[in-house]
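Worksheet: one structure, shown below.
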2 protein chains.
Amino acid sequence: MSSEELGRRIDVTPEQIRKDLAGFGAFGKKGVGYHVTELLNNIGSILGLDRRWNIAIVGVGHLGWALANYRNFASMGFHLSALFDQNPAIVGQSINGVEVLSVADLERTIADRNIQIGVLAVPAGEAQPIADRLVAAGLHGIWNFAPVRIKVPESVQLVSEDLSVGLATLSYHLCRQGR
Amino acid sequence: MSSEELGRRIDVTPEQIRKDLAGFGAFGKKGVGYHVTELLNNIGSILGLDRRWNIAIVGVGHLGWALANYRNFASMGFHLSALFDQNPAIVGQSINGVEVLSVADLERTIADRNIQIGVLAVPAGEAQPIADRLVAAGLHGIWNFAPVRIKVPESVQLVSEDLSVGLATLSYHLCRQGR
DNA sequence: TCGTGTGAATCCTTTCACAGCC
DNA sequence: GGCTGTGAAAGGATTCACACGA
């Protein structure tokens, strides 16, 4: 498939596709284009999606529950290894064959199950304390869904999903449009 | 508060803060800084957060449920006006005082309640058909959480929350770091 | 012939530096 | 004296254009 066709499908210019890919290597064939399966493998390997990451979700409210059932995780090499909640009514239940543990077991379980990534699906007030515990337990990455800015050491990767950004974007463009 | 202090808090250079704000008007006082409450009001008004938006959530699975309970909506002027699901076991229940309606009532309710923004929290396969119905019903914006690329007319604002981007980002940086 | 990979040119954003107002 | 708003300089990113290999 050519960069032209790839670009059309995701609304990006062909030059952009070629430059971006060329930054990581020469994946195309001149006069032919890109071999799609090969390209997917290469991109997966660049992103580290060809290895296995063990993740834990902290906070099994509706959001945590939804994330635990997110099917795309597995296909990207993410393996749901543990679920934590502080609510005794939820602890002991199973989602997708994974039992919900008490947050008291956080540190021990992270070490035992070799968990590298923690997902924060807890209320805003709990986010920083839990993040601190995750970091102390030796995690390398945190995916934060709590609507607060949390702090972690430089050595820990932090990605925050801030839903208010999406809403503000929508609101702004609707206003521009005169709605 | 000075642009220096504002910048420190959100990890942005002071020049960036000043340039960005200046693009929309002169909100600061020379030698003094920015009046925080005033600034918040101005930014809110730029983003259109000072008016009221009526939103509807389609798909009341765990994700839809979590979104329906997201408290920050209200503070940004977003009013949850309707919930839709196709599952008869869920239709009729109430969340936050809003009753879950059948998707059959989609078009009528959107018109009746003057809904401008639709939130897609449905499975991937349902996203495009529902989006089409929302657009036909006269919505102006769609906030998509389904893990598919959907198409809407130019005149409709579309914001998609693609969770796989966050995960890939985390994975990539962890790899770079040699984890 | 076709389409990649890439220097060169263009465009846009960020940083610097400072005049001007509080 | 302090800090904004903003031209000018620097730095990046995108687009153009084409040599070269399949």
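Chain letters run A, B, ... following the sequence lines, proteins first and then strands; every chain starts at 1.
Residues B:D162 and B:S164 have side chains that bring a donor and an acceptor to within less than 3.5 angstrom of each other. For the residue pair B:Q128 and B:D132, a side-chain donor N or O sits within less than 3.5 Å of a side-chain acceptor on the partner.
Between B:S3 and D:dC3, a side-chain N or O to OP1/OP2 separation shorter than 4.0 Å is absent. For the OP1/OP2 pair of C:dT4 and a distance below 4.0 Å, the side-chain nitrogens and oxygens of A:R18 include at least one atom meeting the criterion. Within the structure, a side-chain polar atom (N or O) of A:Y34 is placed less than 4.0 Å from OP1 or OP2 of C:dG5. For the pair B:T13 and C:dT15, the criterion of a side-chain N or O lying under 4.0 Å from OP1 or OP2 is met.
Formation of a donor-acceptor pair under 3.5 Å by the B:S94 side chain with backbone atoms of B:G97 is not found in this model.
Between the C1' atom of D:dT6 and the CZ atom of B:F24 lies a distance of 17 Å, rounded to the nearest Å. In this structure, B:D20 places its CG atom 12 Å from P of D:dG5, rounding to the nearest Å. With rounding to whole Å, A:E4 atom CD is found 13 Å from D:dT15 atom P. Rounded to whole angstrom, the span from the CD atom of A:E15 across to the P atom of C:dC11 amounts to 15 Å. With rounding to whole Å, A:L21 atom CG is found 16 Å from D:dA13 atom P. Atom CG of A:L39 and atom C1' of C:dT4 are 13 Å apart (whole Å). The CD atom of A:E5 sits 16 Å away from the P atom of C:dC2 (whole-angstrom rounding). One can place CD1 of B:I17 at 12 Å from P of C:dT14, the figure rounded to the nearest angstrom.
We find that A:K19 and A:E15 are not joined by a salt bridge, their nearest charged nitrogen and carboxylate oxygen being 4.0 Å or further apart.
Counting only heavy atoms from C-beta on, A:Q16 has its side chain closest to D:dT14 among D:dT14, C:dT6, D:dT4. Considering only the side chain of A:K30, D:dC20 comes nearest among C:dT15, D:dG5, D:dC20. Checking D:dC16, D:dA22, C:dG20 against the side-chain heavy atoms of A:K19 singles out D:dC16 as nearest. The listed nucleotides are D:dG5, D:dA17, D:dT4; the one nearest the side chain of B:A26 is D:dG5.
Each of B:I142, B:L134, B:I55 was checked for a side-chain contact (heavy atoms from CB on, under 4.5 Å) with B:I117, and the lone residue meeting it is B:I55.
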